[in-house]
Student: 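The structure follows.
If you're wondering where the values come from, they're calculated on a predicted model, not measured in any experiment. Numbered from 1 within each chain, the chains take letters A, B, ... in sequence-line order.
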Number of protein chains: 2
Amino acid sequence: MSILRPRPNLSDIAASLGVSVATVSNALSGKGRVSADLIEKIRKTASEVGYIPSMTGKALRTGRSGVLGLVLANIAHPLFPQLAQAIEYAAAKSGYGVLIGDSRGDIAAQTDAVNRLLERGADGLIIVPRRGTRIGDIGRPVAVIDSPSTPGNTVAADHWNGGQQIAQYLLTQGHRRFAVIGGSPNSNVQNDRIGGIRSSLPRSAVTDTLWIDEIEHDAGQGCDLGVADLVRRGFTAFCTVSDLHALRVLMELQRAGIRVPEDASVTGFDDMMWSSVVTPSLTTMRMDMPKIAEIAVESLLRDIEASASNPRETENGSLFAHSPAKAQTSSVPMHLIVRQSSGPAPSADIHARKE
Amino acid sequence: MSILRPRPNLSDIAASLGVSVATVSNALSGKGRVSADLIEKIRKTASEVGYIPSMTGKALRTGRSGVLGLVLANIAHPLFPQLAQAIEYAAAKSGYGVLIGDSRGDIAAQTDAVNRLLERGADGLIIVPRRGTRIGDIGRPVAVIDSPSTPGNTVAADHWNGGQQIAQYLLTQGHRRFAVIGGSPNSNVQNDRIGGIRSSLPRSAVTDTLWIDEIEHDAGQGCDLGVADLVRRGFTAFCTVSDLHALRVLMELQRAGIRVPEDASVTGFDDMMWSSVVTPSLTTMRMDMPKIAEIAVESLLRDIEASASNPRETENGSLFAHSPAKAQTSSVPMHLIVRQSSGPAPSADIHARKE
DNA sequence: CTGAGCTGATTAACCGTTTAATCACTACTA
DNA sequence: TAGTAGTGATTAAACGGTTAATCAGCTCAG
């Protein structure tokens, strides 16, 4: 006894076949010149001994770790799971691993998180920045996922178009009086969504916009938003920019004895994991996370590729701005998911009377 | 021009000071014998040129990557953010990075995910296994987070005690007729919670247990659970094992015009991110993720430490079961969070009449 | 004055892989 | 027959750090 089991490496294979390490490396990577039957033999023994290439060795030599860093403003964000899963999948498909970094909502910590990932040798970073934060040059390729209207953004859901879609859907259902509900006007994403909604409503439609943060600032956290009142005033469509808001509206209406969707329709955004299990289940706009992730990863890998074959130059060797291939921002369409919380507007007669 | 900027390394520092690489390495790591003032000088230039040690180089030599793998049955699980954040934080505190792997709910993929992380050189794995899956030997230290009653578990929330706490809380509020609501009896976690709840209820209490999966199997997905009916039959406490279930119950009661918490109390588990924003906000039991993560990471690092200084042996060099330090499973207490969805039982008179 | 003992630094091997350069050999071509 | 090409393999030098072994110089006891 007393033989510790080291994972087999190239030289083990080389030794057992009586050839050189370089030949084994070439055979397995298909790069140099190796005879067909030797390649075959090497492949065979490699799989026999259960050879697993050491990413570390490879990384040291090639200067590429095969790891992408995923930086989030706040991991605890409810959309993170969808995104992380999509990114992990897209990266794994291209043979990359995903290292996570969290800034826990703290702006200063965002830099720390970025640095930690860079120290670990991440080849590139995917960043979902904190509201309003801009990502400076970090000397390595970066893909930013935020909103199409964020400068420096790489890819994002087309929130504006998402707003248009939901508004148009509600219009076809006969709705004409809209309450548009957002959290805070400081969010690019929310502004895009609301912009899209309002831009799709005809002049004849009646619109009111509610900012939850403002209402709560006056009336205290968790207060009523007064949506039941709006229904009495003839509003039939409650178009929120987040399922979180939609849920809140939904419960407030139910408590007031207002039936959804018979008396009023409620819609959300983001299709959160519970949105399909509440009753009535939520009509919502869903981001195409797999696509977003795929584009982000693709763009990032392209940049990494480019910066490897074409290292950037500086006049004095000092820090110098990294100029990515400047892939123009791409917007990924959102998908309308119709569920139970929305339906035709209550019969027009009633409104005629009210108006 | 035409000088690409490589990140400075040990030999750069060594060259600029006219000393050997080894000395610089020793100075920075505080290992060998280096004079105090030389250490000072080396430290200074190191920070001046912005030296960042290459984890890769270090990893190759030491055989340790400084990276932990986090394997999840399904990243899209709503509790993942809390957990990932806690693990990332705990790992970062000890200088480790976190690589994520997702099996997307697929059992076969779980093995793949594990292998991918191992290939990337993860020093150890933290696994949150899919229901019922057991983790075989993977040749490296592992920490499992599932439920205290899962064999091979390393650390988990004390779900049983959590059930006891919530039951006791409801008892002190005067409740005597309990509806205990779970999703599926196949989950260790849910069984623990329900076991804790029931074990705390006195014989005099009336208890009914509802399994949502079973009800839906008969009546179709998204169907009513019949909780309003239970209220009419005198039940006042709806004790669910997940905030997801609690939300569903809450909405069903509200739709039936039953006031919460005046007419009935509803409680959940897990304190999901939206649980505080619904109205009424949810009373729930929260897992102490930071603590769980801390213990998992600590235990894992201890194992890694141990397996490094004391490599295991095999008789023939073949695969051999990895025996961790067998730290006994530790249970982390859960915390009761009282919010608006629970309160005193309706006046006893009413029940007296019913009983 | 010699050798032991300490201090502060250097040398060189090593981790596992990649890859440019080289070499031995065979097979053509002139 | 010598020179040229091509083929299939090897050699050796990296990559960036760690670390055991070595060494030079100094002090001090015997």
Student: Salt-bridged, A:Arg7 to B:Glu119, with N to O below 4.0 Å?
Tutor: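 No salt bridge links A:Arg7 with B:Glu119.
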Student: Output the rounded distance in Å from CG (B:Asn9) to C1' (D:dA14).
Tutor: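 To the nearest whole Å, that distance equals 12 Å.
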Student: To the nearest angstrom, how far is A:Glu119 atom CD from D:dG16 atom P?
Tutor: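 So the CD-P distance, A:Glu119 to D:dG16, works out to 16 Å.
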Student: Expressed as a whole number of angstroms, how long is the span from B:Arg64:CZ to D:dT19:C1'?
Tutor: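 Computing the B:Arg64:CZ to D:dT19:C1' distance gives 15 Å.
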Student: I'd like to know if B:Glu48 pairs up with B:Arg43 as an ion pair, taking the criterion as any Lys NZ or Arg NE/NH1/NH2 lying under 4.0 Å from an Asp or Glu carboxylate oxygen.
Tutor: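 A salt bridge is absent here (no side-chain N lies under 4.0 Å from a carboxylate O).
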Student: Starting the side chain at C-beta, find the nucleotide from D:dT18, D:dT19, C:dT18 nearest to B:Lys31.
Tutor: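 Minimum distance to the B:Lys31 side chain belongs to D:dT19.
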Student: Using a 4.0 Å heavy-atom cut-off, write out nucleotides 5-12 of chain C from 5' to 3' as B (base contacted by protein), S (sugar-phosphate only) or - (no contact).
Tutor: --BBBBB-
Student: To the nearest Å, how far apart are B:Leu60 CG and D:dC15 P?
Tutor: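 B:Leu60 atom CG is separated from D:dC15 atom P by 14 Å.
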Student: Tell me if a side-chain donor or acceptor on A:Asp123 pairs with a main-chain N or O of A:Ser65 at a distance below 3.5 Å.
Tutor: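 Checking the backbone N and O of A:Ser65 against the side chain of A:Asp123, a donor-acceptor pair under 3.5 Å is found.
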Student: How many Å lie between CG on B:Asp123 and C1' on C:dC15, as a whole number?
Tutor: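 Those two atoms, CG and C1', are 15 Å apart.
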Student: Can you tell me which nucleotide in C:dT17, C:dT18, D:dT18 comes closest to the side chain of B:Thr62?
Tutor: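 Among C:dT17, C:dT18, D:dT18, the one nearest the side chain of B:Thr62 is D:dT18.
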Student: Need the bend value for the helix from C:dC1-D:dG30 to C:dA30-D:dT1: angle between end axes, 5 pairs each end, nearest 10°.
Tutor: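 The angle, to the nearest 10 degrees, is 80°.
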Student: When all nucleic acid strands are considered with a 4.0 Å heavy-atom cut-off, which category describes B:Ser54: base, sugar-phosphate, or nothing?
Tutor: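 Counting heavy atoms under 4.0 Å across all strands, the contact made by B:Ser54 is with sugar-phosphate only.
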Student: Ignoring hydrogens and angles, tell me if any N or O in the side chain of A:Arg64 forms a donor-acceptor pair with the backbone of A:Lys58 under 3.5 Å.
Tutor: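 Here the side-chain-to-backbone pair does not exist.
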Student: Locate the shortest heavy-atom distance separating B:Val19 from B:Val24; write the atom from each residue and the value.
Tutor: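 What the structure gives for the nearest pair is CG2-CG2, 3.8 Å.
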Student: Is the shortest distance from a Lys or Arg side-chain nitrogen in A:Lys93 or A:Glu88 to a carboxylate oxygen in the other one below 4.0 Å?
Tutor: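 A:Glu88 and A:Lys93: not salt-bridged.
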Student: What is the distance, rounded to the nearest whole Å, between atom CD1 of B:Ile52 and atom P of D:dG16?
Tutor: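 Nearest whole value for this atom pair: 13 Å.
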Student: C:dT18 C1' sits how many Å from A:Leu28 CG, rounded?
Tutor: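 About 12 Å, once rounded to whole Å.
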Student: Is there, by distance only and without an angle test, a donor paired with an acceptor across the side chain of B:Arg61 and the base of D:dT18 below 3.5 Å?
Tutor: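 Counting by modelled atom types and ignoring angles, a donor-acceptor contact under 3.5 Å is found here.
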Student: Testing the basics here: between A:Ala108 and A:Asp106, what is the closest heavy-atom pair and its distance to 0.1 Å?
Tutor: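 In terms of heavy atoms, the two residues are closest at N-OD1, 3.0 Å.
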Student: Taking only side-chain nitrogens and oxygens of A:Lys58, does any of them come within less than 4.0 Å of OP1 or OP2 of C:dG16?
Tutor: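 Answer is no, no contact under 4.0 Å.
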Student: Quick one: does B:Ser54's side chain have a donor or acceptor within less than 3.5 Å of a partner on B:Asn9's backbone?
Tutor: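 Here the side-chain-to-backbone pair does not exist.
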Student: Does NZ or CZ of B:Arg104 fall inside the cone over A:Tyr89's six-membered ring, less than 6.0 Å from its centre and within 45° of the axis?
Tutor: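 Verdict for A:Tyr89: a cation-pi partner in B:Arg104.
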Student: Send over the distance from A:Ile39 CD1 to D:dG8 C1', rounded to a whole Å.
Tutor: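 These atoms are roughly 11 Å apart.
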